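Owing to the predicted nature of the structure, the values given are computational and were not obtained by experimental measurement.
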Amino acid sequence: MKIQRVLTKAVMVCAVATVRGGEVADAIYHGGPVITMDEARPAAEAVAVKGGKILAVGTKEEVMRVKGEASVMIDLGGRAMLPGFVDAHGHVMGGGLQALSANLLAPPDGDVRDIPGLQKTLREWMAANREAVEKIQLVIGFGYDNSQLAELRHPTRDELDAVSKEVPIMIVHQSGHLAAMNSKALEIGGIGAETPNPAGGVIQRREGGKEPNGVLEETAFFPVLMKLLGRLGPDASKEFIRAGCELWARFGYTTAQDGRSSPGVVKAMQGVAAAGGLPIDVVSYPDVLLDREIIKKTVSGEYVNRFRVAGAKLTIDGSPQGFTAWRDRPYYKPVGDYPPGYAGYPAASAEMVREAIDWAYANRIQILTHSNGEAASDQLIAFVRAAAVKHGGGDRRPVLIHGQFLREDQVDEIKRLGMVPSLFPMHTFYWGDWHREHTVGPLLADNISPTGWCVNRGMKFTSHHDAPVAFPDSMRVLDATVTRRSRSGDIIGPGQRVDVMTALKAMTIWSAWQHFEEAKKGSIEAGKLADFVILDKSPLAVDVEQLDQLKVVETVKEGVTVFAASGAKRTGALMRRGGGTEVAIANTLRAVSGHPGLGAQGPCGGCVCGSMTRLAEVIAGGGVE
């Protein structure tokens with residue numbers, strides 16, 4: 001790897017020498033602060049682009065040396081340019097599904113505060129999308145959170161039956177690890193009183209009986225999810241992928257991740273990519289417990305039409321806020337029908353986890369592992385250590401995803417084993433208060449997603465959004481990593497806060513490094529891809545308490561504008577055509593319900609086109625608040 005780094009530096013030097021030898025820029029950006037994330041030159045005045053790559057970076061005087069008669073001069077108008085954000089962990093196809101479902105999120109991202117409000121939102125969505133509902137016979141809601149409902153519990157099948165008994169209703173928890181369903185959905189899914197709990201999952205029951213109450217956790221939920229989504233037809237997944245990519249681009253991401261792809265999703269992504277349908281890069285990590293052969297056959301360090309399979313994804317446990325994360329001690333004050341000493345549970349057997357990690361090391365395939373609870377992380381560390389002893393170490397960069405309840409001794413072991421901690425500090429905003437009051441208690445809540453411990457040890461870490469668990473809101477990620485301020489205004493763990501520049505590294509150059517792409521992405525340096533995000537203000541120049549108010553005004557992928565906020569002056573020399581979330585939504589409706597889509601009057605109102613176009617407009621404004 002030392003040789004690779006030396007060669008990389010040599011390439012950069014050659015690129016600069018070539019520039020001075022007479023290459024001419026296609027476009028030159030100037031007139032605003034450029035935050036390069038290059039430690040050798042962290043700030044610049046201008047950037048030149050040629051053929052989708054960065055030609056030169058430096059002072060305006062230096063960069064103007066590559067200006068030619070045809071070079072387009074792009075004035076940033078005081079706005080800040082940064083490298084395009086690299087998604088350290090998310091589910092881009094799931095984000096597309098989220099964008100096309102009833103929005104059941106709590107404020108500030110939605111309006112659902114209690115179960116009557118949830119029922120009202122579902123009824124309104126069904127009425128607005130009557131044609132699609134009648135065609136596909138399915139209602140999907142996304143983002144409800146029992147911790148944010150006034151009742152502090154999950155909706156029941158009876159409460160969803162009150163919305164409809166004829167059409168199956170599935171509402172997915174914000175964590176993505178469980179769902180509530182009405183009686184019709186349970187019937188279609190084959191879930192009844194005599195259905196046993198599957199390994200790694202739970203069918204919640206009515207009090208004092210065996211009859212399901214409508215809530216399915218983990219492996220009890222996923223098979224029913226796939227059965228219900230099968231009603232959407234084979235083309236729907238492709239439109240979810242397109243819609244997800246457009247959504248990611250609106251928040252400044254030029255690389256999206258699909259963590260835990262199924263074999264079908266990999267195939268769909270390859271199809272979308274081959275048709276030129278990916279506006280940004282998509283890196284996939286298929287589920288290692290589903291199909292290892294497809295991973296071995298498709299894994300690659302190179303993109304084909306902006307898509308590549310980069311490794312494997314493993315899931316050990318579940319959701320901390322949903323009390324399905326596997327802890328080394330009982331939950332603090334869990335809300336629900338839990339036995340004394342309840343500590344969650346694993347989502348896979350120890351042997352399955354051991355075999356998956358051993359296989360990844362034996363085949364030199366990068367593995368990303370979802371682990372939230374302390375017991376899950378103990379198991380992960382033990383099996384990574386064993387695999388490294390058996391197969392040798394080297395620069396493998398195994399990634400711990402989430403690590404919400406990490407202990408300090410576990411962080412030491414993660415560093416020693418060369419693992420990459422991809423943490424989720426955005427939890428401090430959405431669920432910090434819940435963790436303090438119910439999951440781990442006030443003392444341990446301060447150390448969830450312990451970015452400060454990583455910094456103190458000189459470790460690189462990445463910071464992610466895990467969309468569709470939350471919107472892929474880059475500024476919310478940045479704000480939470482720096483301030484750790486919760487919904488109530490409390491600061492969850494002052495000692496775990498990091499400075500703005502460190503938080504930006506965790507979203508750019510360190511995220512690129514996590515994906516083995518630091519030689520091409522993550523910083524603004526000559527020779528790298530011309531992937532940029534333009535913000536209305538510099539995050540280094542505003543009060544940290546205002547970071548979540550910053551707006552993404554433009555996203556540029558390889559020199560081409562793939563997103564420009566409504567009403568914002570477009571700076572890019574080129575604009576990608578034929579895209580946009582509105583078009584993806586219309587295409588999805590045509591795919592699943594024969595909907596006419598966009599007509600002469602523009603996006604249709606009174607249906608999902610209209611409602612999701614309004615959502616897209618909110619996002620285009622730079623946020624969802």
Side-chain angles (χ1 to χ4, degrees), residues 8 10-38 40-41 43-85 246 249-250 252-255 276-281 303 305-306 508 519-536 538 552-580:
T8 298
V11 168
M12 296 304 179
V13 170
C14 289
V16 173
T18 302
V19 167
R20 292 173 180 170
E23 281 202 69
V24 175
D26 295 333
I28 295 176
Y29 293 84
H30 67 98
V34 178
I35 304 172
T36 67
M37 310 311 300
D38 174 13
R41 191 169 201 166
E45 296 177 344
V47 179
V49 173
K50 181 178 180 61
K53 293 185 177 181
I54 299 168
L55 183 62
V57 184
T59 65
K60 186 175 181 181
E61 180 181 358
E62 290 170 335
V63 174
M64 286 297 286
R65 294 171 188 165
V66 298
K67 180 181 180 297
E69 290 185 5
S71 299
V72 178
M73 297 298 294
I74 302 171
D75 188 352
L76 293 170
R79 292 170 292 187
M81 171 185 278
L82 290 81
F85 297 126
E246 299 289 349
R250 288 172 181 268
Y253 286 92
T254 51
T255 301
L278 297 180
I280 60 176
D281 285 342
Y303 287 90
N305 300 314
R306 292 190 174 162
T508 54
K520 296 180 180 179
K521 297 177 181 176
S523 61
I524 300 177
E525 300 180 64
K528 289 192 174 185
L529 295 178
D531 292 357
F532 310 127
V533 58
I534 298 172
L535 305 179
D536 61 338
S538 169
V552 173
V553 296
E554 188 170 355
T555 304
V556 178
K557 173 63 180 163
E558 295 175 41
V560 177
T561 296
V562 294
F563 166 71
S566 178
K569 180 183 177 182
R570 180 174 59 84
T571 65
L574 300 170
M575 173 67 85
R576 180 175 177 270
R577 300 295 180 186

Okay, side chain of Arg250, backbone of Phe563: is any donor-acceptor separation there less than 3.5 Å?
no

Closest heavy-atom pair and its distance - Gly31, Asp75:
CA-OD1, 3.6 Å

At their closest point, which heavy atom of Ser538 faces which heavy atom of Ile35, and how far apart are they?
OG-CD1, 3.6 Å

Contacts of Lys521 that satisfy side chain to side chain donor-acceptor pair (under 3.5 Å) - sequence neighbours left out
Thr255, Asp281, Tyr303, Glu517

Candidate pair Leu535 and Val552, rule side chain to side chain contact (heavy atoms under 4.5 Å, CB included), full reasoning:
CA-CA 5 Å; Leu535 305 179; Val552 173; 3.8 Å; yes

Ignoring hydrogens, what is the shortest heavy-atom contact between Glu246 and Pro279? Give both atom names and the distance.
OE2-CG, 4.0 Å

Is there a donor-acceptor pair closer than 3.5 Å between any side-chain N or O of Ser523 and the backbone N or O of Glu525?
no

Is there a side chain to side chain contact (heavy atoms under 4.5 Å, CB included) between Glu554 and Met81 once you walk through the steps?
CA-CA 9 Å; Glu554 188 170 355; Met81 171 185 278; over 6 Å; no

Less than 4.0 Å between a side-chain N and a carboxylate O, is that true for Asp531 and Lys557?
yes

Check residues 44-59 and write down every donor-acceptor pair under 3.5 Å in which the side-chain atom is one partner and the other belongs to a residue at least two apart or another chain.
unit_1: Glu45; atom_1: OE1; unit_2: Lys60; atom_2: N; d: 2.9
unit_1: Lys50; atom_1: NZ; unit_2: Val24; atom_2: O; d: 3.3
unit_1: Thr59; atom_1: OG1; unit_2: Glu62; atom_2: N; d: 3.1
unit_1: Thr59; atom_1: OG1; unit_2: Glu62; atom_2: OE1; d: 3.4

Please round to the nearest 0.5 Å and tell me the distance separating atom OG1 of Thr508 and atom CD1 of Ile524.
9.5 Å

Kindly indicate, with the supporting measurements, whether the criterion side chain to side chain contact (heavy atoms under 4.5 Å, CB included) is fulfilled by Val533 and Thr254.
CA-CA 8 Å; Val533 58; Thr254 51; over 6 Å; no

State, to 0.1 Å, how close Tyr29 and Leu76 come at their nearest heavy-atom pair, and which atoms those are.
CD2-CD2, 4.0 Å

Determine the minimum heavy-atom distance between Pro33 and Gly78, stating which atoms define it.
CD-O, 3.6 Å

Atom pair CZ/CD of Arg306 and Glu558 - distance to nearest 0.5 Å:
4.5 Å

Answer whether the closest heavy-atom distance between the side chains of His30 and Val63 falls below 4.5 Å.
no

For side chain to side chain contact (heavy atoms under 4.5 Å, CB included), just list the numbers for Leu82 and Phe532, CA-CA rounded to whole Å, side-chain angles, deciding distance to a tenth of an Å, and then say yes or no.
CA-CA 6 Å; Leu82 290 81; Phe532 310 127; over 6 Å; no

